[in-house]
Amino acid sequence: MTTTDLNNISTTYSPNDVEAKWYKTWEDGKYFKPKPGKTGESYCIIMPPPNVTGILHAGHALDVTTQDTLIRWKRMKGYETLWLPGMDHAGIATQSVVEKKVQKEEGKTRNDYTREEFLEKIWKWKEEYGGIIAKQQRVMGASPDWDYSMFTMDPEANEAVRKVFVQLYNEGLIYQSDYIINWDPVLQSAISDAEVEHQEVQGAFYHLTYKVKDSDVLLEIATTRPETLLGDTAVAVNPNDERFAHLIGKKAIVPICNREIPIIGDEHVDIEVGTGCLKVTPGHDFNDFEIGRRHNLEIINIINKDGTLNDLGLEFKGMACKTARNHIVEKLKDLGQFVKQEDHVHSVGHGDRSKAIIEPMVSKQWFLDVQDMAGVAVDGVEKGETTFYPKQWENTYFSWLKEPRNWCISRQLWWGHQIPVFYCGDCDHNWASEIDETKCAKCSSENIKQDPDVLDTWFSSGLWPMTTLGWPNKERMEERGYDKFFPTTCLVTGFDIIFFWVARMMMMTHKISGKKPFKDIYIHALVRDKQGRKMSKSLNNGIDPLDMVEQYGADAFRFTLAAGSGYNRGLNLDPERIGGYRNFINKIWNAFRFISPFLANAKAELPKDLDQQEKWIISELNSVTKEMNSSMEEYRYDDSCSAIYSFVYDKFCSWFIELSKNILHGDDKAAMERRASVLKYCYKDIVALLHPFTPFITEELWGYLKEEDDKLLIVHDYPEFNEELDYAKDQDFMNKFIEVITSIRNLRSSLNIKPKEEVNVSLFSDQEDLVEFFKASKHGFADLAKVKDLKVLPKSAQRPEKAVMKAMTHTEAFLILDGAIDLTEQIQKLEKDLGKTNKEIEKLDKKLSNEKFISNAKPEVIDKVKSEHAELSEKVKSINESLKNFKS
RNA sequence: GGGCGUGUAGCUCAGUGGGAGAGCGCUGCCCUUACAAGGCAGAUGUCGCAGGUUCAAUCCCUGCCACGCCCACCA
């Protein structure tokens, strides 16, 4: 397509073909690969790998946008950039979606298959969804080096995981222990503390009585879970509680099962809460477990893996806890050991995947001792080796790491890295190994088996920055540039996984490599619907990125997401806003359609002999360039977007293009060529500045703007601030010019003068250079406010008799009237303006007459107030005189 | 209970110790040859409430109210 064709085509930009075309060009041309740039420095972002649980949602779109914008920006600035893509196996989450699918389609559970068979089904799922995700990322314009793609279950990742596991195991940091864990009866696996959601639930306090052995005393005990009494191994009271202290050391008798249990004293028991007596069930309550440890109590497990009562449940065996609860209450009533029941709201843990009520249960699990690692991770941030943007998120990070609990890393799942610990069936030897063992390391027996559990997903995620760069294999590290890119530059992620992921990467990566994995951590907002609600399937308020791209184009969608990203924690996404920015993209397209016929007359360089309008726009462009670079440095995408948005709309299109029409169509060939050159210069910078945000349309337009030997925009230099292009005086003139034009338009509008109708205007000002500027801008007044006859006079000159006026601090504008009109409305307007201005002057007067203000305020503030006062007084003077004339 | 955060125009949100802002929406006029996905002009606020610090508070401090999120024990 040639530039002339452009003017024959639609006035609306259609993104779809353009986007596909450029993505292919970039990808085929290997533009996403890291290449040494002019800074000689590297810049690396490891993409937080999306879960392969399903297709991408709006949150991922934000992830892609914020990272791709950074990468493209740094790439253009001349860094050797690597954005490393990947996907996460997301153990529990993925296994459960596949289990659900199998249940739905085949009516089977995973136990109807062998481990190998079922894993094959998950792998199939992974292939399908992994492909969709990568396609979605491409549609968004993501520019990672796809050749680096990794999956958290790749053999390379497994190698890293096993090496680290073995090291930590041999150091004694990984240990096996009977511990109370969160048991998810639906997933039938332990889950970590972080995977438990606490929800307020309407329950009840059940008051029961326990008999004290060899005594008539009845202990009244309040509990929310009477069914666990079958697992009670003590009754605890506070040793300082006068009511019960004398009973410590005696025995109580558990109702129904009639087991004798000790009455113990423990400070944990709150005298005020409940009845002051606590039944202790170390097998099924976190606090009770701790009490049990302190007092060496027996642990009794009464619950099966599926959440029903086991053999110890007596006649309630096989019942779900909730059912058993009701039956046991009935039984207690029969026994006369039930006192009362009170409504009680309390929080109950639910699995964040399965939504099942979590049963605290004691079982043998693998743990990682994180006490030392957590301290180091805290140090890294406190000493500034790693910085959070926005800084407030450090608190969230610290709050977890400063009181870490050892991490339960084993999961009773199939989908994940199997724990590399081997057990010998003959000699009881067990050991951790980096390779798949075939015989016992001690007795050479081949009767060995590997631990069936898998590792928590976050174990492999914690190593991700190293794994992806080839660690621990020397050759891979060389090939993938480990030394160049590690530690990485920036991690971009959401605040919801600061605990899960960020903290773990900081701990594990440092433990293994001795280095913190990133310099910066940018925490972006979570995407919500326009009402600020989380997007969820149940609310059906999700926004599908592909829909948005199809409807508005990837550029508009990206710009919307970027414009909404700064230091905020929520981004309320309303498709209407995307529509608004789609209009902006279209504006860019049409501004180019205006410029394109003149490109042939434009020179490649910025001309030296700029006129005042040109100096103004170059100055403004220079400012926006500075603003965009500095705000991006601090991850203020919102500031960058609003800076370029208002420059393009409010400066370049509304004023500079409008002021250029006359020159471009005029007789002065030199001026025309100069203006065409400036337009081209500006537009090249505009598309370059915008490219990281809206890569497609900018690359498309660049094709028409670039010089023959220019490279593609994706690797072109990003504009930088240039001190020499600062023309403050021209900016000041133009701002005043704009103010005057707006005033004239305002007067026209208030008189209902038709847009095409010409008017005569007289301007009065005592600023000589401004007067000269206005005189020289005659064409501007004609083009932008349809001024036929313009007079620019000093304020000493006579004011026109029949006219309406508007006063500015620097200039009075009079619109001359032909016939008589009713001035009442105009007088009202002037009086309103006068009132407002006088109020402002009063405020300033008050300040200036305040001695304390004069003595305490900074001199520049005082100067400013004084000059404002003078300007406003001038304006008041102008208005007053006109009012006098109008009224006479 | 602990922590973090929020409360600014109808909506979504920036913002700063010294003149209250943007986008969208709204009102009026215009199909002016880049753009009606447009142009021009315009209206809109006790900056949550109450105190305090300061010459000066939307901004800093304290308390209160409302809301959101996170962590953590509640038997």
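- Applying the salt bridge (Lys or Arg N to Asp or Glu O under 4.0 Å) criterion to A:K680, with sequence neighbours excluded, gives A:E707.
- Rounding to whole angstrom units, CZ of residue A:F656 and P of B:A34 are separated by 16 Å.
- Legend: salt bridge (charged side-chain N to carboxylate O under 4.0 Å, His left out) pairs involving residues 644-662 of chain A, not counting sequence neighbours, sorted by first then second residue: A:E620-A:K651, A:E658-A:K661.
- Heavy-atom distances under 4.0 Å link RNA chain B to A:T223, A:T224 of residues 223-239 of chain A, given in residue order.
- Across the P atoms, B:C47 and B:G21 are found 14 Å apart, a figure rounded to whole Å.
- Here the P atom of nucleotide B:U12 and the OH atom of A:Y581 are 15 Å apart, to the nearest Å.
- In this structure, A:I498 atom CD1 and B:C71 atom P are separated by 11 Å, rounded to whole Å.
- Nucleotide B:C4 holds its P atom 17 Å from the CG atom of A:L401, rounded to whole Å.
- Scanning all heavy atoms of the two residues, the minimum distance from A:I841 to A:S873 falls at CD1-N, 3.8 Å.
- If you take atom C1' in B:G17 and the same atom in B:C67, they sit 28 Å apart, rounded to whole Å.
- Ring orientation note: the planes of A:Y637 and A:F693 are nearly perpendicular, at an angle over 60° on the 30°/60° scale.
- Contacts between residues 282-294 of chain A and RNA chain B, defined by a heavy-atom separation below 4.0 Å, involve A:D285, A:N287, listed by number.
- Note on A:N572: every side-chain N or O is 4.0 Å or more away from OP1 and OP2 of B:C11.
- Electrostatic pairing of A:E359 and A:R225 counts as a salt bridge here, judged by a charged N lying under 4.0 Å from a carboxylate O.
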Dump the pairs, protein N or O against N or O of nucleotides 14-22 of chain B, anything under 3.5 Å, distances to one decimal.
residue : atom : partner : partner atom : Å
B:A14   : O3'  : A:R636  : NH2          : 3.4
B:G15   : OP1  : A:R636  : NH1          : 3.1
B:G15   : OP1  : A:R636  : NH2          : 3.4

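- With sequence neighbours left out, A:Y567 forms a ring-ring contact (aromatic ring centres under 6.0 Å, His included) with no residue at all.
- Side-chain contact between A:D285 and A:T228 is absent, with no heavy-atom pair separated by less than 4.5 Å.
- Test A:W501, A:F499, A:F388, A:F500 against A:Y397 for ring pair (Phe, Tyr, Trp, His ring centres under 6.0 Å) and you get one pass: A:F388.
- As a whole-Å value, the separation of A:F398 CZ from B:C71 P is 18 Å.
- Every pair passing salt bridge (charged side-chain N to carboxylate O under 4.0 Å, His left out) that includes a residue from residues 851-875 of chain A is listed here, sequence neighbours excluded: A:K795-A:E874, A:D833-A:K875.
- Comparing A:L278 and A:C653 along RNA chain B, the residue whose closest nucleotide (by nearest heavy atom) sits nearer the 5' end is A:C653.
- The C1' atoms of B:C49 and B:G7 are separated by 11 Å, rounded to the nearest whole Å.
- With sequence neighbours left out, the side chain to side chain contact (heavy atoms under 4.5 Å, CB included) criterion links A:V339 to A:H207, A:T209, A:E220.
- Comparing the C1' positions of B:G10 and B:U27 gives a spacing of 13 Å, expressed to the nearest Å.
- Only the P atoms considered, B:C64 is 24 Å distant from B:C70, to the nearest whole Å.
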Worksheet entry | Base-contact (B) and sugar-phosphate-only (S) positions in nucleotides 35-45 of chain B, heavy-atom cut-off under 4.0 Å, - elsewhere | BSBSSSSS---
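- Summarising the geometry, the separation between CD1 on A:I753 and C1' on B:U32 is reported as 16 Å, rounded to the nearest angstrom.
- What you find for A:K279 and A:L229 is that their closest heavy atoms are NZ-N, 3.6 Å.
- Here B:C30 presents its P atom at 9 Å from CG of A:N752, a figure rounded to the nearest Å.
- For the C1' atoms, the distance linking B:C24 with B:A43 amounts to 16 Å, nearest Å.
- Atom C1' of B:A66 sits at a distance of 25 Å from the matching atom of B:U16, rounded to the whole Å.
- Base pairing in RNA chain B yields stems of at least 3 consecutive Watson-Crick or G-U pairs, both distances under 3.5 Å, namely B:1-7 with B:65-71, B:10-13 with B:21-24, B:26-30 with B:38-42, B:48-52 with B:60-64.
- Ring pair A:F584/A:Y581 is perpendicular by interplanar angle, where above 60° counts as perpendicular and below 30° as parallel.
- A:I657 comes within contact range of at least one nucleobase, with a heavy-atom separation under 4.0 Å.
- Remark: A:F781 pairs with A:F737, A:F774 by the ring-ring contact (aromatic ring centres under 6.0 Å, His included) rule, at least two apart or across chains.
- In this structure, CD1 in A:I595 is found 5.0 Å from CG in A:L679, a value given to the nearest 0.5 Å.
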Discussion item. Walk me through whether A:F557 and A:E550 qualify under side-chain contact (heavy atoms from CB on, under 4.5 Å).
Written reply: CA-CA 10 Å; A:F557 188 35; A:E550 203 184 312; over 6 Å; no
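- For the atom pair A:Y552 OH and A:T560 OG1, the distance stands at 9.0 Å (nearest 0.5 Å).
- Comparing B:U46 with B:C69, their C1' atoms sit 30 Å apart, to the nearest whole Å.
- How far CG of A:L872 is from NZ of A:K843: 11.0 Å, rounded to the nearest 0.5 Å.
- Distance, A:K852 NZ to B:U53 P: 12 Å, rounded to whole Å.
- Taking the side chain to side chain donor-acceptor pair (under 3.5 Å) definition, one finds that A:N746 meets it with nothing, sequence neighbours left out.
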